[in-house]
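Written out below as structure tokens is the structure these notes cover.
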Amino acid sequence: MNARVLLKSLSMPIALALIVAFFALREPAFLGARNLTQLIIEFSIIGTLALGMFMILLTGQIDLSVGSGVGLIGGIAAVLVFHEGWSAPAAMGAGLVAALVLWALMGTLIVKQRIPSFIITLGGLLIFKGIFWKVISSATVPVSRGDEENLFSLLTTYYLPANIGLGLAFATSLVLGWLVWRAREKRIDYRLPVNSTGRETLFWVVKSAAIFGLVVVCNNFRGVPLSLLILGATGVVVYFLTKHTPFGRYLYAIGGNEEAAVLSGIAVNRVMIGAYVLMGVTVAITGFMSTAYIGSSTTTVGDLLELDAIAACVIGGTALKGGRGTVLGVLFGALIMTALLNGMGLLGVEPEIKYIARGLVLVLAVWLDVKLSRS
Amino acid sequence: MNARVLLKSLSMPIALALIVAFFALREPAFLGARNLTQLIIEFSIIGTLALGMFMILLTGQIDLSVGSGVGLIGGIAAVLVFHEGWSAPAAMGAGLVAALVLWALMGTLIVKQRIPSFIITLGGLLIFKGIFWKVISSATVPVSRGDEENLFSLLTTYYLPANIGLGLAFATSLVLGWLVWRAREKRIDYRLPVNSTGRETLFWVVKSAAIFGLVVVCNNFRGVPLSLLILGATGVVVYFLTKHTPFGRYLYAIGGNEEAAVLSGIAVNRVMIGAYVLMGVTVAITGFMSTAYIGSSTTTVGDLLELDAIAACVIGGTALKGGRGTVLGVLFGALIMTALLNGMGLLGVEPEIKYIARGLVLVLAVWLDVKLSRS
Amino acid sequence: SKGKPVIGLSLDTLKEERWQRDRDTFVARAKELGAEVIVQSANSDDTKQTRDIESLISRGVDVLVVVPHNGSAVSRAMKSAKEANIPVISYDRLILNSPVSYYLTFDNVKVGEAQAQYVVERLPKDRPARIVRIYGAPTDNNAKMFKEGQDNILNPLIKAGKIEVVFEDWALDWKPDVAKKIMNAAITKAGTNIDAVVASNDGTAGGAIQALREEGLAGKIIVTGQDADLAACQRIQGGTQAMTVYKPLKNLATRAADVAVAVVKGEKIETAAELDNGAVKVPSIFEKIISVDKDNLQSTVVADGFHSAESLK
Amino acid sequence: MLLETRNLTKRFPGVVALKNVCFGLKAGEIHALCGENGAGKSTLIKLLSGIHPHGSYEGELLVDGSVAEFKSIRDSEAQGIAVITQEFALVDELSVAENIFLGREPRLGWRIDWHKLRRRSAELLAEFGLPLSPDTLVGDLGVGHKQLVEIVRAMDKKSRVLVLDEPTAALTEQEVAVLLKHLRRLRSQGTACIYISHKLDEVFAICDRITVLRDGASITTLTTREATIPQVIKNMVGREITDLFPRKPSTTDRSAEKPVLTVRGLDVAPDKGTKAFLRGLDFELRPGEVLGFGGLMGAGRTELLMHIFGAWGSRICGDVSLRGEDYAKPQPRDSIRRGLVLVSEDRKRYGLVLGQDIGFNFSLSSLKSFSGFGGRIDTSAEYARNQHFFDSLRVKAPNQQARAGGLSGGNQQKIVIGKALMTEPTVVMLDEPTRGIDVGAKLEVYELINRLTAEGKAVILVSSELPELMGMSDRIIMLCEGKIGGVFNRAEFTQEKLLAAAMGKSSSAAA
Ligand SMILES: Nc1ncnc2c1ncn2[C@@H]1O[C@H](COP(=O)(O)OP(=O)(O)OP(=O)(O)O)[C@@H](O)[C@H]1O
Ligand SMILES: Nc1ncnc2c1ncn2[C@@H]1O[C@H](COP(=O)(O)OP(=O)(O)OP(=O)(O)O)[C@@H](O)[C@H]1O
Ligand SMILES: O[C@@H]1[C@@H](O)[C@H](O)OC[C@H]1O
Ligand SMILES: [Mg+2]
Ligand SMILES: [Mg+2]
């Protein structure tokens with residue numbers, strides 16, 4: 001029994017390690033600082049979106065519109081910058097507002113009119129795509145004028161200076177240590193079983209080493225990408241929300257048993273609309289990042305991203321029927337997906353095989369999850 | 001109350017009539033024999049697939065893989081005919097067998113391994129697409145050699161001779177009459193309320209007139225398309241299965257409450273696998289028709305067809321969470337979708353607007369359904 | 001019959017600048033000639049294109065002008081056109097294995113040759129040059145012809161060991177983001193000492209240049225393109241893209257409209273060449289292409305009014 | 001009056017659930033609502049608590065003498081009304097502590113105050129003598145514990161009015177006693193309480209006043225001290241009921257006949273590779289016999305029935321045979337085919353397809369018997385058969401096309417029973433068949449049991465109510481922690497003996 005629990009908690013790291021090992025053997029450049037940095041940027045994009053999707057899936061709903069939403073919001077900002085000459089922050093602000101409005105609207109329709117989210121967001125997928133192409137006139141709209149850099153274009157091209165990266169790693173590791181220590185004290189207070197001090201310290205050292213290692217690798221190329229920071233911040237916020245606030249627990253409650261949530265006096269409607277609004281925020285952030293990633297808004301930005309986001313969540317152990325999942329799992333899921341896509345791109349694998357491999361990994365991951373969590 | 005029930009039962013015919021009227025006014029060619037024939041062929045393709053999807057949705061599951069499955073199965077048959085020189089029936093038989101095997105496999109995984117169908121079939125979508133492109137080597141494979149016609153290529157290009165069409169209409173209308181009469185007798189036997197003879201006759205006359213009208217219109221062009229016959233046959237089979245056999249009842253029961261279905265002695269696993277196998281059959285039929293429709297198997301055959309099929313079901317009042325829906329509704333839904341797509345195509349509407357209109361219709365239809373069925 | 005000729009224009013996609021320009025020029029010219037145009041765009045989907053063409057036939061157009069997404073996948077639609085006695089003109093991309101009245105295009109092989117030629121002339125001669133090749137959509141017959149043109153120039157040099165292809169891949173549906181990922185993979189695998197990127201059109205060039213920009217290499221490596229898209233001309237002006245192949249679309253589109261109207265009127269058109277498409281020998285018209293870089297940008301693209309000098313600043 | 005209703009009328013499509021109901025709750029009293037299934041008890045409290053919002057009913061609802069218009073359950077909670085509904089309102093995915101405080105978590109700014117949450121819930125659990133850790137996931141609890149967690153939650157809301165809709169349906173007598181103790185304490189602290197139960201002895205033990213509903217109308221309000229059980233029953237059903245447990249042991253002597261069900265040395269674990277939960281079970285069932293199973297909550301009665309039926313657990317060792325044939329790999333489908341049926345204790349979850357109509361549910365297990373050529377269902381024959389059961393079970397609904405989900409709990413139970421009987425079984429296993437059904441309907445179930453046994457069928461009856469078990473069984477087996485604690489013949493039935501066996505302190509051991 002215990003072995004199974006251990007295996008389950010390690011299944012994602014192991015899967016990731018296997019994928020990494022496979023690609024590293026086939027192509028040593030996979031582990032090069034340059035490629036890892038690329039991988040981190042791609043990971044940041046999928047990961048951020050997946051975190052938003054995670055909150056939606058927790059409630060037992062789904063959002064199929066996020067891919068075309070990503071295109072649309074990035075497109076709006078790009079058009080405002082390039083054609084209208086707005087400053088990047090203003091344009092991105094406008095994009096964010098648009099996202100908030102659209103997602104609040106979808107959330108309201110789902111909740112108040114009781115239309116299944118699958119339908120509303122499938123409609124959203126189609127409608128946003130149409131609006132998106134209209135907005136950019138099906139053309140290619142750069143994220144900055146001429147060759148200048150702006151906040152928008154820097155989203156995926158700015159790297160933190162080496163020292164700042166190290167400083168951040170240091171700070172993170174300290175905070176982590178403090179959190180672990182505090183949690184331990186609490187558990188002792190409650191007379192709950194705790195790990196031995198040695199073990200706890202070992203875990204902390206391993207985690208800190210991983211963080212430093214990451215920063216050092218990044219510094220070998222250009223430094224820690226700004227986009228990783230964005231993902232990190234989003235991750236911390238979503239973690240805090242889902243783990244430590246009533247709002248977050250309500251997400252689980254609604255997904256677990258909506259009727260019970262209603263009877264417990266939870267404002268289910270408000271919470272669900274809230275989840276969609278937050279999804280809107282991550283769509284906007286992802287929209288800016290993935291548009292910046294290509295350097296301009298083109299008609300295909302965001303295509304199929306909804307599937308990647310859902311797949312990341314599900315691979316990471318989030319239940320589609322709601323009520324189950326963790327932030328860490330989602331991040332692992334996103335990382336597995338990204339590693340796979342990046343590695344195959346690097347090997348120049350044919351598109352056919354790419355499709356097949358993605359499908360197989362998705363099914364295998366979920367199958368493993370199902371197998372291991374059946375008690 | 002009664003008015004609402006009436007409105008609900010008429011909502012789809014009304015929606016359809018509105019759409020038809022709109023396009024007919026904008027472009028008289030819409031009602032021309034040639035275009036209606038085209039529309040019927042497109043309807044047959046979407047409708048057949050939607051009928052398969054309907055049975056899956058009834059159980060509360062979903063199948064996202066059917067679009068790429070359609071491409072794959074059509075591709076297999078085309079390659080066998082064109083490259084391997086098989087006869088069309090043999091090649092199509094092989095395609096059908098492949099579909100049966102694949103869908104039985106997916107069904108088994110869903111049922112026995114308890115992996116959510118969303119995941120398995122999303123994996124299927126990716127994997128089938130990859131295999132499909134491999135099978136046709138990402139090239140274009142005609143459905144017949146040279147310019148000869150074969151059973152495969154005729155699927156969407158053969159039209160029944162005028163007289164046979166009329167004869168069929170006659171036969172159908174007779175059978176219809178007999179069925180109505182027999183059902184009425186039975187109801188009388190069991191002292192159930194029945195419609196007055198006059199009313200019953202009126203309904204029958206209206207339906208018969210519609211059938212004859214359709215045949216006459218088709219005869220004005222080339223005759224009743226073979227594909228309509230295929231759809232009709234599929235429709236009758238699915239209608240019979242879902243309405244009049246234990247298997248069909250079980251589909252509804254499983255979608256309504258799976259655990260109760262198990263305890264009621266239903267072999268839930270077998271029934272669900274059966275539903276997937278039947279889905280496989282409709283995928284194969286649709287695959288042959290839609291490949292024949294463009295004359296050759298190319299990489300984009302079947303793209304997004306899963307969404308059209310799901311949309312047709314849902315527009316036709318099938319509940320995504322299972323347990324609710326009718327064959328007639330699904331056919332109406334498919335017809336509404338097709339009329340919309342065909343009409344917009346005829347008007348040469350820009351792709352942007354097409355997307356937006358499709359999204360809006362989907363949301364509106366479901367919203368209406370929700371509004372009207374809320375009691 | 002009805003007086004005003006009606007032309008059906010079925011496009012593969014409108015999601016690239018050039019096709020919007022093709023459409024606009026074509027429609028404008030047709031209007032001048034007193035014809036009406038119904039435009040359809042298939043969004044890179046063969047089934048949709050078949051439906052589009054069927055719709056155009058249903059509407060009773062007098063002639064069809066088709067840019068196929070996939071030259072061999074429109075055969076069934078072509079059959080319908082033939083049954084309805086509607087002549088078909090293949091525009092820019094060749095329709096294969098079906099009867100076609102005329103084919104108007106730029107010489108696609110020449111496009112590839114121009115791209116390769118430009119690169120070859122500027123590669124270092126003292127050592128084997130290292131290049132990356134990004135091809136177009138594998139489903140587009142033109143993409144194969146561009147590659148063929150490039151091969152004509154590059155293959156002898158590759159065989160002679162003077163050029164090394166360090167990475168090559170096809171960009172699905174000509175997508176810029178796919179091109180960017182290809183470029184990224186190329187740099188990761190082959191390092192930054194790359195001399196040139198032979199990208200097959202401006203969209204894919206844009207994707208590749210984005211990757212180079214992030215690497216700090218934009219402008220230091222020769223990147224080719226085609227279509228003289230606005231964004232590409234701006235890049236040429238700014239120095240991050242070396243060249244593009246300017247295809248005076250105006251000529252092609254205008255000519256196509258002329259031919260279409262003439263066909264409706266039953267007039268015969270003189271053509272210099274014929275191309276075998278597998279079913280018939282198609283009378284073909286080739287428009288000239290022009291290789292454009294920073295030096296002749298003003299005298300070609302701008303002088304032609306293709307882009308205003310203003311918009312390139 | 002703390003809470004008052006004036007001429008409340010509530011309509012559902014085709015049903016008037018409440019007709020001009022007048023009801024008043026005084027501060028500090030425990031007020032019972034009694035009535036048959038479908039009388040409108042749950043509907044009434046749903047109105048009182050805003051679950052059916054203002055505007056969906058006619059009439060007035062007054063709190064402290066002024067009209068209240070509750071839009072949702074939040075509004076009623078704001079007025080100090082807390083409800084435990086008939087269906088569980090718990091989230092399986094959250095811990096016991098989180099469930100207790102769901103919707104009213106103690107906070108530290110934005111955050112949940114985990115410390116306080118855990119401490120408070122640990123205290124509450126201890127107060128109720130519940131041996132649960134606050135960190136246990138509710139999904140891992142059995143039905144009874146879930147019920148208790150709900151009660152703990154409602155009690156802690158410190159409300160002025162506590163509404164309990166059949167809170168004891170899944171509790172053992174000890175637990176009921178604990179609950180009643182707490183209710184008395186609350187009453188002494190001034191909390192008023194509306195108490196719905198079909199167990200009249202409970203009602204008489206604790207309630208100050210009793211309001212009887214019949215067919216949606218408030219018939220009378222009695223003061224408990226001046227009322228008697230038969231009087232209440234008479235008001236409920238509109239007629240006199242004398243014999244509460246009319247078991248008529250079959251007259252023909254069947255002791256010579258072969259047992260229809262034999263269980264030998266049965267060990268069952270919840271899953272492959274886990275520890276056995278049922279151990280060493282040995283018994284047999286003869287035609288015409290009612291074999292009762294009793295035990296404390298968690299004793300394994302449900303598991304036993306579900307296992308024999310083929311829906312639960314993995315057999316470690318032992319044999320089961322049905323009518324002399326070995327039945328090693330049970331499956332619900334095979335069981336039904338062989339004439340063995342189960343009526344589950346959880347009708348919503350295991351019994352009904354709530355979204356479908358009554359007829360659909362009735363015939364669901366018997367469709368094959370209606371299908372003829374090509375598997376076609378003879379719908380007319382099916383209809384007639386359904387109607388037969390609809391009538392003979394006296395289902396309270398407009399017709400058999402009514403949605404099963406709209407029925408009251410007791411009527412739903414009848415549908416489940418009807419479905420089982422339609423398969424024409426020879427062995428009927430009834431798991432808490434009278435849970436949540438009214439006296440009249442109970443009587444019907446008992447008569448049904450008599451009819452079945454008279455026809456030579458055999459019945460297994462699981463019940464948590466000892467009087468019922470003793471009244472209706474020919475023989476009783478008490479289970480204790482998955483093992484047989486004692487076997488008793490009718491002559492030996494006494495509450496004391498049975499309870500002792502249930503707690504593993506059995507002295508007797510009849511064969
Ligand atoms: N949501 C609903 N839709 C339709 N009818 C309903 C609904 N809820 C209750 N009813 C009907 O209202 C009547 C009263 O039901 P209610 O649940 O209040 O009965 P009850 O007295 O609580 O019975 P029980 O003792 O079986 O729980 C019943 O006839 C029932 O069918
Ligand atoms: N399907 C199941 N899977 C795993 N464990 C179960 C399942 N059902 C019940 N249990 C466990 O079995 C124990 C007993 O459950 P339950 O209370 O239903 O027993 P019981 O003897 O039937 O008592 P009663 O009928 O009085 O409720 C509980 O601890 C519960 O956690
Ligand atoms: O001009 C190019 C065209 O010829 C090709 O077919 O598609 C891509 C375009 O860039
Ligand atoms: Mg009730
Ligand atoms: Mg039980």
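All values derive from a computational prediction rather than experimental measurement. Residue numbers begin at 1 in each chain, while the letters A, B, ... track the order of the sequences.
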Closest-packed option against chain B by number of heavy-atom pairs under 4.5 Å, given A:Ala319, A:Gly359, A:Ala365: A:Gly359
Contact class of B:Leu360 relative to chain A, heavy atoms under 4.5 angstrom: both
Toward chain A: residues of residues 303-312 of chain B with heavy atoms under 4.5 Å: B:Leu307, B:Ile310
4.5 Å side-chain heavy-atom contact, A:Phe132 and B:Tyr355: no
Residues, nucleotides or ligands: over 12 heavy atoms within 6.0 Å of A:Glu259 CD: no
Show every donor-acceptor pair shorter than 3.5 Å between a side-chain atom in residues 338-354 of chain B and any protein atom, with sequence neighbours excluded, or say none if there are none.
| unit_1 | atom_1 | unit_2 | atom_2 | d |
| --- | --- | --- | --- | --- |
| B:Thr338 | OG1 | B:Ala334 | O | 2.5 |
| B:Asn342 | OD1 | B:Asn35 | ND2 | 3.0 |
| B:Asn342 | ND2 | B:Asn35 | OD1 | 3.4 |
| B:Glu350 | OE1 | A:Lys134 | NZ | 3.3 |
| B:Glu350 | OE2 | A:Lys134 | NZ | 3.0 |
| B:Glu352 | OE2 | A:Ser138 | OG | 2.9 |

Sequence-distant partners of B:Thr140, side chain to side chain donor-acceptor pair (under 3.5 Å), two or more places apart: C:Asn70, C:Ser72
Run the side-chain donor-acceptor check on residues 115-124 of chain B: report pairs under 3.5 Å with partners two or more places apart or on a different chain.
| unit_1 | atom_1 | unit_2 | atom_2 | d |
| --- | --- | --- | --- | --- |
| B:Ser117 | OG | B:Gln61 | OE1 | 3.0 |
| B:Ser117 | OG | B:Ile62 | N | 3.1 |
| B:Thr121 | OG1 | B:Leu64 | N | 3.0 |
| B:Thr121 | OG1 | B:Ser117 | O | 2.7 |

